[in-house]
Amino acid sequence: MKHIILLTTLILLFGASCAQTIQSSSYETKGYIKTDGTVQSSSYNMVGYIKDDGTIQNSSYNTIGYAKGMKKELTAVKFFFFKFN
């Protein structure tokens, strides 16, 4: 579990600026984080959104949680980790 979070964090820190890729420890693409806060699955379906204030929304724009004070990228890592694993 620590390895997948560490790997994903490294990918986020050194990834492209237009969209970040979230990968498993076996390099399988799990999803993407766009700079506008959109979180997409590996098939590019929108699965959620992370607002600047830390609000986490699902694809229907219903608020499903909060991550105030956390970076969007780290919030998305946790969102994907718990959603897909």
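Source: prediction; values computed, not measured.
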Visitor: side-chain contact (heavy atoms from CB on, under 4.5 Å) with Thr29: which residues, sequence neighbours excluded?
Guide: Thr21, Gln23, Tyr32, Ser42
Visitor: Please enumerate all residues that pass salt bridge (charged side-chain N to carboxylate O under 4.0 Å, His left out) together with Asp53, with sequence neighbours excluded.
Guide: none
Visitor: Who passes side-chain hydrogen bond (donor to acceptor under 3.5 Å, both in side chains) against Ser60, sequence neighbours left out?
Guide: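 Partners of Ser60 by the side-chain hydrogen bond (donor to acceptor under 3.5 Å, both in side chains) criterion come out as none, since no residue qualifies.
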Visitor: Measure the NZ-NZ distance between Lys51 and Lys68 for me, rounded to the nearest 0.5 Å.
Guide: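 Between Lys51 NZ and Lys68 NZ, I get 9.5 Å after rounding to 0.5 Å.
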Visitor: Given a cutoff of under 4.5 Å between side-chain heavy atoms of I, L, V, M, F, W and Y, with clusters grown through shared members, what are the other residues clustered with Tyr49?
Guide: Met46, Tyr61
Visitor: Output all residues satisfying side-chain hydrogen bond (donor to acceptor under 3.5 Å, both in side chains) with Asn62, sequence neighbours left out; order by chain, then residue number.
Guide: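 In terms of side-chain hydrogen bond (donor to acceptor under 3.5 Å, both in side chains), with neighbours along the sequence ignored, Asn62 is linked to no residue.
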Visitor: With Ile56 as reference, evaluate Thr63, Val39, Ile64 under the side-chain contact (heavy atoms from CB on, under 4.5 Å) test and give the passing residue.
Guide: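 Of all the options given, the one that passes is Ile64.
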